[in-house]
Amino acid sequence: VYIGSDIEFTSGLQVKDTDVKIVSLKNVVLTNNSNEPLFTVGTSTFSLGGSEYTLTLNGNNQAQHGVKVTEASFSLEKNTVITNCANSGVYITSADFTMNGGTITQNTAVSGGGVYVLHGTFVMNNGSITANKLSDDSASSGGANKHGGGIYIQNGTFTMNGGSITNHTEGIQQGGGIWVAETGNF
């Protein structure tokens, strides 16, 4: 799918049982004006970016996640930005996430501001996870501890081959950049 202009969404998009790659033809912003994830991916192979132009997913500080992936495969490529999501930029459950480039920045969550992995695999080959923060919304988290400003791994595996994880300072109790629970692997 080629995107050639900015788009504002009033609801999230479902990607299921198909392979999809989204590439920008010029610098574009996809703005999510709902509290749903912009992309919910299930039983598919999904890829964002990779062209010479920047593709920005803007959660508008209300989207639940930029990309939510369940039982699927997701790759983030160069010149892609996931920003301003209210509950993790990328949320992975029972899925695989490969970050070959791009930036995940200025997202907020109770745990895992940039990336939250539950029962999945995250391989970071390149790119940047920076300036994500943890919220004070203890009511929605049942008073949970706030861990992993950049990345939170629970019952999953994180492999870092390259890239950077920086500047996660706001609201952190433990694991400013990365938090790997006892049930996770790094």
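Remember, predicted model here, so these are calculated numbers, not experimental data.
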Practice task
Verify the cluster assignment for I7 and V81: are they in a single hydrophobic cluster under the rule of side-chain heavy atoms below 4.5 Å apart?
Solution key: no
Handout entry: Verdict with reasoning, M160 to I165, per side-chain contact (heavy atoms from CB on, under 4.5 Å)
Key = CA-CA 10 Å; M160 186 172 181; I165 302 166; 3.7 Å; yes
Handout entry: V123-I82 co-clustered via ILVMFWY side chain contacts under 4.5 Å
Key = no
Practice task
Answer yes or no: is there a side-chain heavy-atom contact under 4.5 Å between V69 and Y91?
Solution key: no
Exercise for the section: Nearest 0.5 Å please: distance from the CG atom of L25 over to the OH atom of Y53. Expected result: 8.0 Å
Problem - Inter-residue atom distance N35.CG - N61.CG, 0.5 Å rounding - result: 13.0 Å
Fill in the blank from the handout: dist I104:CD1 -> M124:CE (nearest 0.5 Å) comes out at 7.5 Å
Practice task
For the residue pair N155 and T183, confirm or rule out a side-chain donor-acceptor distance under 3.5 Å.
Solution key: yes
Exercise for the section: State plainly whether one hydrophobic cluster holds both I92 and F46, where clusters connect Ile, Leu, Val, Met, Phe, Trp and Tyr through side-chain heavy atoms under 4.5 angstrom apart. Expected result: yes
Handout entry: Smallest separation among heavy atoms of V28 and G4, with atom names
Key = CG1-C, 3.8 Å
Problem - Note, Y116 side chain near V110 side chain (heavy atom, < 4.5 Å) - result: no
Practice task
Answer with yes or no whether the side chains of T121 and T157 bring together a donor and an acceptor at under 3.5 Å.
Solution key: no
Exercise for the section: Without swapping roles, check the side chain of T31 against the backbone of E8 for a donor-acceptor pair under 3.5 Å. Expected result: no
Handout entry: Donor-acceptor contact present, side-chain Q62 to main-chain N33, <3.5 Å
Key = yes
Practice task
Before giving the answer on side-chain contact (heavy atoms from CB on, under 4.5 Å), spell out for V41 and T70 the whole-Å C-alpha distance, their side-chain angles and the decisive distance to 0.1 Å.
Solution key: CA-CA 6 Å; V41 182; T70 304; over 6 Å; no
Exercise for the section: Search all heavy atoms of N32 against all heavy atoms of L38 and return the closest pair with its distance. Expected result: ND2-N, 3.2 Å
Problem - Same apolar cluster: L134 and V117, side chain cutoff 4.5 Å - result: no
Completion exercise
Interatomic distance, CG@L57 vs NE2@H65, rounded to 0.5 Å, equals 13.5 Å
Exercise for the section: Work out which heavy atom in V23 is nearest to a heavy atom in S51; give both atom names and the distance. Expected result: CG1-CB, 3.3 Å
Problem - Short side-chain to backbone donor-acceptor contact, S24 and I3, under 3.5 Å - result: no
Problem - Any I22 side-chain heavy atom under 4.5 Å of F39 side chain - result: yes
Exercise for the section: Verify, without hydrogens or angle tests, whether S34 (side chain) and E36 (backbone) share a donor-acceptor contact under 3.5 angstrom. Expected result: yes
Completion exercise
Between the OG atom in S5 and the CG atom in N27, the distance rounded to the nearest 0.5 Å is 12.5 Å
Practice task
Without swapping roles, check the side chain of T56 against the backbone of V29 for a donor-acceptor pair under 3.5 Å.
Solution key: no
Problem - Donor-acceptor side-chain pairing of T166 and T130 below 3.5 angstrom - result: yes
Problem - Distance-minimising heavy-atom pair for S88 and C85 - result: O-CB, 3.6 Å
Problem - Derivation of the side chain to side chain donor-acceptor pair (under 3.5 Å) call for N125 and N161 - result: CA-CA 5 Å; N125 294 318; N161 299 317; 2.9 Å; yes
Exercise for the section: Check the hydrophobic clustering (I, L, V, M, F, W, Y; side-chain heavy atoms under 4.5 Å; chains of links allowed) and say if V67 and I153 are grouped together. Expected result: yes
Completion exercise
Scanning both residues in full, the closest heavy-atom pair of A181 with Y152 reads CB-OH, 4.5 Å
Handout entry: Parallel, tilted or perpendicular, as decided by the 30° and 60° cut-offs, for the rings of F158 and F122
Key = tilted
Practice task
Look at the side chain of S44 and the backbone N and O of T18, then say whether any donor-acceptor pair between them is shorter than 3.5 Å.
Solution key: yes
Practice task
Quick one: pull up CD in E77 and CG in L55 and give me the separation to the nearest 0.5 Å.
Solution key: 11.5 Å
Exercise for the section: State, with a plain yes or no, whether a side-chain heavy atom of V15 is found less than 4.5 Å away from one of V20. Expected result: yes
Practice task
Please state whether the rings of F97 and F74 are parallel, tilted or perpendicular, taking 30° and 60° as the class boundaries.
Solution key: parallel
Exercise for the section: For residues V180 and N185, determine if any side-chain heavy atom of one lies less than 4.5 Å from a side-chain heavy atom of the other. Expected result: no
Problem - Closest non-hydrogen atom pair, A95 against A72 - result: CB-O, 3.2 Å
Problem - Heavy-atom donor-acceptor pair, N132 side chain to N107 backbone, under 3.5 Å - result: yes
Exercise for the section: Just do the side-chain contact (heavy atoms from CB on, under 4.5 Å) check on I151 and I129 with the steps written out, would you? Expected result: CA-CA 8 Å; I151 301 168; I129 300 173; 3.7 Å; yes
